[in-house]
Structures are given as structure tokens and as C-alpha cells.
Amino acid sequence: MSSLTTNTSRPSRVARILNSNIAYSFRRNPVAVVSMVVFLIIAVASVLAPLIAPFDPYDPASIDIMNSEYPPVWVDGAEAGFVLGTDDQGRDLWSTILYGTRLSLIIGLCAVAVQAFLGITIGLLAGYIGGRLDSLLMRFADIQLSFSTLMVAIIFLAITQAMFGSDTFNQYAIYFLIAVIGIAEWPQYARTVRATVLAEKKKEYVDSARVLGFGPIRIMVRHILPNSLSPIFVISTVQVANAIISEASLSFLGLGMPPSQPSLGSLISSGFDYIFSGSWWITTIPGVVLVVLVLVINLLGDWMRDVLNPKLYKG
């Protein structure tokens, strides 16, 4: 009598991801595919800026003021060594855009991380505990939402710059920007997480967790929070684009990154005075990069919102 043993191996995690509904929807959506490809190209190029960029815009020794305002290579009067031309300080615009895009992405991602941490924590506490704590936190969120992000950031950064001085502010400008953009936008997360918690805490699995003796923190973090991740992912995608726009706006107004540490916003600001004098590329090319970056992130956010919506039939 022979026994036949069959080994049924479970599919790998990569195979499960490739066969998931999200991957299927992504492959069927050409806008999402193109947006992801463009975003990855921009992100990878900015991360590898020290390897790709022919010049280091942070190194004063590599900057020659005599090379200022060279046009791109397709315009008459260009220099072959500067593909996208140079800015008013003589920095290679291609290198400066790579470093500036990396800085803008770092500020956007870190600011959203601050927003998510504050908003998720406050939303979980307000929704699960409820009562007076819920009323207090939500009234505070209402007050926060009544002020625009730029207005809060302008007031905070102007006071900070006056208190610490320009030199100290420029040295720690990236941390100030991350903090003010992160703190100004946490109510978006808090309200969404609170609404999800109010719906989830009435379900049977939460009652079962209480009966088993689990504490409130474990119930909120291990049981309720995973069921709130879908709207959090959607909000995070949109908020990254908003944070990048906020940083660019503040840098354009002179309250963001200093000229010695160029971001996309500070590049646009530095070339704005020259746009009508013929050196249009100093502002236009970084502006196009900023628009494309924000556009593809928003398109990915729209696709994620649709695919994670349980009310939509996905085939």
C-alpha cells in the first residue's frame, strides 16, 4: 500500500500582491501606470542626485558667477556643459533641480509623517474614548481648520525667523518647515480616523477584544487602526502633494529654504525677477518639474481613492 503525498505550497507574498485586486486595477488603469512611472523616474533621479548631477550646487567651489544665466542647450548662446542652462548664481540648473526635488520630497514626506502621527493619535483617542475628550479635541480641530495652512505657516515662520535670526533660521529651515506644515494639517487625519473609529468600535470584534481583557491601547492600535488604513493611504497621497506645494509657496515668499539650499520653490523664486528679462528658464523649468510632480501624485491619489472604495464594484 503506497501513500501519495502532495505538497501544496502557499503562493509567495509577491505572488499574492501581483494577483491582488489593487495590482489588477493598477495594470488596467493607464493613467495610474504612467503617473507611477513618471513619479518613480523623478523620485529615483532625485535620490541619486549626488551620482547623476554633474555639479554640486551646495559646493561654492563648483559655482562660477561668470557662468550665470546661460540658456538651455536648445537655445542660442548655450554652453554644452549646462544642459538646462544656469541660474542667476551660475549654478547648473539640471543639478540644482535634482537636489531641489530631493529636498522638496523629503520635506513633503516628513511633514506628512508628522501630520499622520498627530492626526491618527488624536483621531483614535477622540473616536474611541468619546465624551468630553472627543468634544475638546474636535473643537480644537475646528479652530485649526479655520486657519489656512499658509497663513499659519507664514505667521509661525516669520516669528521664528525674527526670534532666531536669519543665519540660525536658514541652518534649520528644513526642520521648521516640516514642523509647521505637519502641525498645520493634522485635523485632516484626525477627522477621518475619528469617523472610522466611531463606526468600527460598535462591531463585534471590538466587543470580543474587550471580553478577552485587551486594553484600550491594544484595541485601538491592533484591531481598529488596521481597518482605518484605506482612507489614511488616500489622505497621505494627497497630503504629500499639498505639503510640496506649501513648501514651494513658502520658499517663494522667502520663508522657506534659503538660496544656498535650493528647493523647487526657492528656485522658482530666485528666477522670478529674471523671467521678463529673457532668462525665462530659471523659473519655468523648475516650475514645470513642480507641476508634473504634484500632478502625478494627485493622479495616483485619485486612483487609490477609487480602488480602495469598497462601494465601487471592481470586477
Side-chain angles (χ1 to χ4, degrees), residues 10-29 32-33 35-36 39-40 43 105 108-130 134 137-138 141 144-145 178 181-210 212 214-244 296-315:
R10 295 180 59 186
S12 63
R13 180 173 298 180
V14 175
R16 293 199 299 270
I17 293 175
L18 294 176
N19 295 326
S20 65
N21 177 70
I22 295 179
Y24 173 80
S25 174
F26 178 77
R27 292 192 298 266
R28 300 274 295 185
N29 192 324
V33 173
S35 299
M36 179 61 75
F39 174 74
L40 288 177
L105 283 172
L109 293 173
C110 292
V112 169
V114 174
Q115 297 172 20
F117 175 77
L118 293 176
I120 292 172
T121 302
I122 294 173
L124 285 173
L125 294 174
Y128 188 81
I129 298 176
D134 181 22
L137 293 176
M138 288 303 102
Q144 181 77 39
L145 288 172
I178 291 172
I181 296 174
I183 293 174
E185 291 286 337
W186 65 265
Q188 309 290 342
Y189 285 91
R191 283 187 166 277
T192 302
V193 173
R194 172 183 176 270
T196 306
V197 172
L198 289 176
E200 293 293 327
K201 73 176 185 177
K202 299 178 181 178
K203 295 184 178 179
E204 289 80 3
Y205 73 90
V206 177
D207 294 333
S208 301
R210 291 197 190 99
L212 292 174
F214 295 157
I217 295 178
R218 178 169 180 174
I219 294 175
M220 287 188 288
V221 175
R222 297 284 299 274
H223 299 278
I224 297 179
L225 182 58
N227 292 296
S228 307
L229 292 181
S230 295
I232 289 174
F233 287 147
V234 176
I235 294 175
S236 298
T237 307
V238 177
Q239 288 300 103
V240 168
N242 291 339
I244 293 174
V296 297
I297 293 175
N298 281 326
L299 290 175
L300 288 172
D302 291 340
W303 164 77
M304 189 174 295
R305 178 199 60 198
D306 294 338
V307 76
L308 294 178
N309 189 349
K311 295 182 180 180
L312 294 178
Y313 174 70
K314 305 180 180 65

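Residue numbers start at 1 and run along the sequence shown.
Around CG of Leu229, the count of heavy atoms belonging to other residues, nucleotides or ligands within 6.0 Å exceeds 12. Dense packing is recorded around CZ of Arg210, with more than 12 heavy atoms of other residues, nucleotides or ligands lying under 6.0 Å away.
The distance from atom OG1 of Thr237 to atom CZ of Phe39, rounded to the nearest 0.5 Å, is 9.0 Å. In this structure, the separation between CG on Asn29 and CG on Asp302 is 10.0 Å, given to the nearest 0.5 Å. Atom CG of residue Asn298 and atom CZ of residue Arg305 lie 10.5 Å apart, to the nearest 0.5 angstrom. How far CD1 of Ile232 is from OG1 of Thr196: 7.5 Å, rounded to the nearest 0.5 Å. To the nearest 0.5 Å, atoms CG (Leu145) and CD (Gln188) are separated by 5.5 Å. A distance of 11.0 Å separates OG of Ser230 from CD1 of Ile235, quoted to the nearest 0.5 Å.
Residues Ile224 and Lys201 meet the side-chain proximity criterion, which asks for heavy atoms closer than 4.5 Å. The shortest distance between side-chain heavy atoms of Tyr189 and Ser236 falls below 4.5 Å. Inter-residue side-chain proximity for Ile244 and Ile297 is flagged as met; some heavy-atom pair is nearer than 4.5 Å. Using a 4.5 Å cut-off on side-chain heavy atoms (C-beta onward), Glu200 and Tyr205 make contact. Taking the side chain as every heavy atom from C-beta outward, Met36 and Leu300 approach each other to under 4.5 Å.
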Requested in this report: Assess whether side-chain hydrogen bond (donor to acceptor under 3.5 Å, both in side chains) is satisfied between Gln239 and Gln115, documenting all intermediate values.
Outcome: CA-CA 9 Å; Gln239 288 300 103; Gln115 297 172 20; 2.9 Å; yes

Could you go through residues 117-125 and list every donor-acceptor pair under 3.5 Å that involves a side-chain atom there, pairing it with any protein atom two or more places apart or in another chain?
{"unit_1": "Thr121", "atom_1": "OG1", "unit_2": "Phe117", "atom_2": "O", "d": "2.7"}

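Residues Gly127 and Leu198 share a closest heavy-atom pair of O-CD2, 3.5 Å. When all heavy atoms of Ala243 and Ala111 are compared, the closest pair comes out as CB-CB, 4.3 Å.
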